[in-house]
Structure formats: structure tokens, C-alpha cells
*Asks:* 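The structure's right below; bear with me while I get my questions together.
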Amino acid sequence: MLAQLKETTAWIQERVAEIPEIAIILGTGLGDLTTSIEETIAFSYEEIPHFPLSTVEGHRGKLIFGKLGEKKVMVLQGRFHYYEGYDMKQVTYPIRVMQLLGIKYLFVSNAAGGMNRSFQVGDIMLIEDHINLFPEHPLRGKHDPRLGLRFPDMSEAYSLELRHVALEIAKENNIKLQTGVYVGTQGPSFETPAEYNYLRIMGGDTVGMSTVPEVIVAVDAQIKVLAFSVVTDLAIAGRIEKVTHAEVMEAAKLAQANLTFLIKEVITRVSVSR
Ligand code: HPA
């Protein structure tokens, strides 16, 4: 795998003059962010050697390099979900590419069901920790010591330093920011009422079908992670609250403005060396 990763990395380095130290995976609530990126160079996933092909979903993924304010960023528009049929090495391949490129910070967002009783549709939750319920571990298999540890520590999977910065920005700007634990499941079906109940009792505040594999590999790669859930539906005490599509869209729109602002602000405050 390392040989392939090196080819992917070299291909990117030949085409991008200035490699950033910041990467963003655009999940739900961050789609707008691309409009703020300047001096962009974009590649469709198909043209990047060894990159997983986003054929399953139909729409094309793009890897974008550019500037967000003063900072250089690398943006993944379109991610690989386990439920689409990718194996974990494919799901997390972009993270290893980030590692070889020298990425130091990773920002991620996702759509999630809210299980905490105090959450509302449209809330943004700062992910403080996660519970990995995926049936396959992204680091399972032959270990390559050049990439990371056999048994990586996960006691601070979500950077405390970045979380503090995000909370501070939210407070300064009156942005409602929930905090909690994200449960990552394989999907693609949503949870049954009994499952939501079980995940809540287990300690989860939100549940979704992404993020956890990428974060585990990023932590192994010594990349600092900051991640957010956008609460798109509520699943509280086994009672799945029905909301109208219009309400969800409205809530997501509000979340999008705030989440985009939050991430942009955190990025202006992190220090990079190139
Ligand atoms: N469960 C799992 N994934 C999700 C949910 C949910 O309730 N909402 C959005 N993504």
C-alpha cells in the first residue's frame, strides 16, 4: 500500500506547488465552504492515481487545493462511505495520502441523528469522542510501522486544543454549539427505536455512518482532528420524531452558515509552518 500511496502523493506534489498543512472533509453542513476557497486547483478523484473511484454514488468526488483566507487548504468534496461497499482501506485512503503530504490538521463534518434529549434538529455538535461500531477496523491487517503504530492510543482522538478553540469561537459569536459523543455505525439503514435506545444508554449523543474510520487513521497518522455533527433528525428514547423535509432543510441551512463560520475561524487561529 505504501508504494501506491507514494505514487498518489508524488502525482499531487507534481501538480500542486504549495502543499497545505490543513485538510477538510466536506460532509453535511459544509458544502458552502468551497465558495470561500480561492486560487483553487481541483482534481476529480478519477484522475488521481490509486484514489478510490466514487462510482457507487454516481456523483463525482473532487480534491481541491486552494486558500481559505490566509491559509492553504486541501478539501475533499465527496467521501467514501463503508455502506457504499468500499473496504476500510479505501474509505481511509485519502487520510494516508494526507499523512504523506504532511497534513497536520483535519476538519470533518457529518450528518447525524440526535439522541441527546436536549438536542434539536439543526444543532451543531462538537464531537468530543466517539464509539466505533463499524464491523471492520480501518487498521486491521498487516502493520506497516512506517505509517503508524500497531496499537495506537485513542485517548484524545479529537484534539483538545482544537476543541477549546472551537468552543471559544462559538462563545464569542453566540453560536449554539452542543458537545458530545458520536457513534459510528455501518448503516445503511437507520436505527430501530430499540437500537437508538441502546446507543443512547451506551453513551452516544449523535449517531451516523461516517467519520470514525477516517478519524482513527488520522490519529494514527498524528494528524490533529476537529469534527462536528449536524443534527438532521432526532431519535430520542426510541421515539423517532417526525420532522418535515422543509424544516430539516431550513435547520441544515442555519447550521451550514454557523458551521462554515466556525471552521473558517478555527483555521485562521491554527498555526502552520508553511
Ligand atoms: N442514524 C444514522 N445515521 C444518520 C442518522 C441517524 O439517525 N441521521 C443522519 N445520519
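In listed order, ligands and their atoms are each counted from 1.
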*Asks:* Heavy-atom contacts with Met209 under 4.0 Å: which atoms of ligand 1 show up? List them by number with element.
*Replies:*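 Listed by number with element: 2 (C), 3 (N).
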*Asks:* Using the side-chain contact (heavy atoms from CB on, under 4.5 Å) definition, which of the options Ile95, Thr211, Val215 pairs with Ile25?
*Replies:*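 Output: one option passes, namely Ile95.
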*Asks:* Measure centre to centre between the rings of Phe228 and Tyr182, then say whether the value is under 6.0 Å.
*Replies:*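 Judged by ring-centre distance (under 6.0 Å), Phe228 and Tyr182 do not meet the cut-off.
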*Asks:* Do Leu149 and Ile223 sit in the same hydrophobic cluster, where Ile, Leu, Val, Met, Phe, Trp and Tyr count as joined when their side-chain heavy atoms come under 4.5 Å apart?
*Replies:*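 Result: no, two separate clusters.
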*Asks:* For Ala112, take its heavy atoms, then give the atoms of ligand 1 lying under 4.0 Å from any of them.
*Replies:*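 So the answer, numbered in order with elements, is 5 (C), 8 (N), 9 (C), 10 (N).
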*Asks:* Is it true that, when you exclude Glu14 itself, more than 12 heavy atoms of the residues, nucleotides or ligands shown sit nearer than 6.0 Å to its CD?
*Replies:*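 Count over threshold, so yes.
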*Asks:* Any heavy atom of Ala235 sitting closer than 4.0 Å to ligand 1?
*Replies:*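 For ligand 1, residue contact (heavy atoms, under 4.0 Å) with Ala235 is absent.
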*Asks:* Can you tell me how the ring of Phe80 sits relative to the ring of Phe51, calling it parallel under 30°, perpendicular over 60° and tilted otherwise?
*Replies:*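 Correct class here is perpendicular.
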*Asks:* Can you list the atoms of ligand 1 that are under 4.0 Å from a heavy atom of Thr232?
*Replies:*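 The atoms of ligand 1 under 4.0 Å from a heavy atom of Thr232 are 8 (N), 9 (C).
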*Asks:* Please report which non-hydrogen protein atom sits nearest to atom 8 (N) of ligand 1, along with the residue it belongs to and the distance in Å to one decimal place.
*Replies:*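 Result for atom 8 (N) of ligand 1: Asp233 OD1, 2.7 Å.
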*Asks:* Can you get from Val217 to Tyr86 by hopping between Ile, Leu, Val, Met, Phe, Trp and Tyr side chains that sit under 4.5 Å apart?
*Replies:*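 Yes, because Val217 and Tyr86 connect within a single hydrophobic cluster, where side-chain heavy atoms sit under 4.5 Å apart.
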*Asks:* Nearest to atom 2 (C) of ligand 1, what protein heavy atom do you find, and at what distance?
*Replies:*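 That would be Glu191 OE1, 3.3 Å.
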*Asks:* For ligand 1, which is the ligand I care about here, please tell me if Gly113 has any N or O atom under 3.5 Å from one of the ligand's N or O atoms.
*Replies:*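 Checking ligand 1 against Gly113, an N or O pair does fall under 3.5 Å apart.
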*Asks:* At under 4.0 Å between heavy atoms, which part of Val207 makes contact with ligand 1: side chain, backbone, both or neither?
*Replies:*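 Looking at Val207 and ligand 1, atoms from backbone and side chain both fall under 4.0 Å.
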*Asks:* State the atoms of ligand 1, each with its element, that fall below the 4.0 Å cut-off from a heavy-atom position in Tyr196.
*Replies:*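 By the 4.0 Å cutoff, the relevant atoms are 1 (N), 6 (C), 7 (O).
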*Asks:* Working to the nearest 0.5 Å, report the span between OH of Tyr45 and CG of Leu53.
*Replies:*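 Rounded to the nearest 0.5 Å, the OH-CG separation comes to 11.5 Å.
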*Asks:* For atom 3 (N) of ligand 1, what is the closest protein heavy atom, and at what distance to 0.1 Å?
*Replies:*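 Among all protein heavy atoms, the one nearest atom 3 (N) of ligand 1 is Gly208 CA, 3.4 Å.
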*Asks:* Heavy atom under 4.0 Å from ligand 1: found in Asn110's side chain, backbone, both, or neither?
*Replies:*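 Contact part for Asn110 vs ligand 1: neither.
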*Asks:* Considering only heavy atoms of Ala111, which atoms of ligand 1 have at least one such atom less than 4.0 Å away?
*Replies:*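 In order of numbering, the contacting atoms are 9 (C), 10 (N).
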*Asks:* How long is the straight-line distance from OG1 of Thr260 back to CG of Leu30, given to the nearest 0.5 Å?
*Replies:*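 If we round to the nearest 0.5 Å, Leu30:CG and Thr260:OG1 are 5.0 Å apart.
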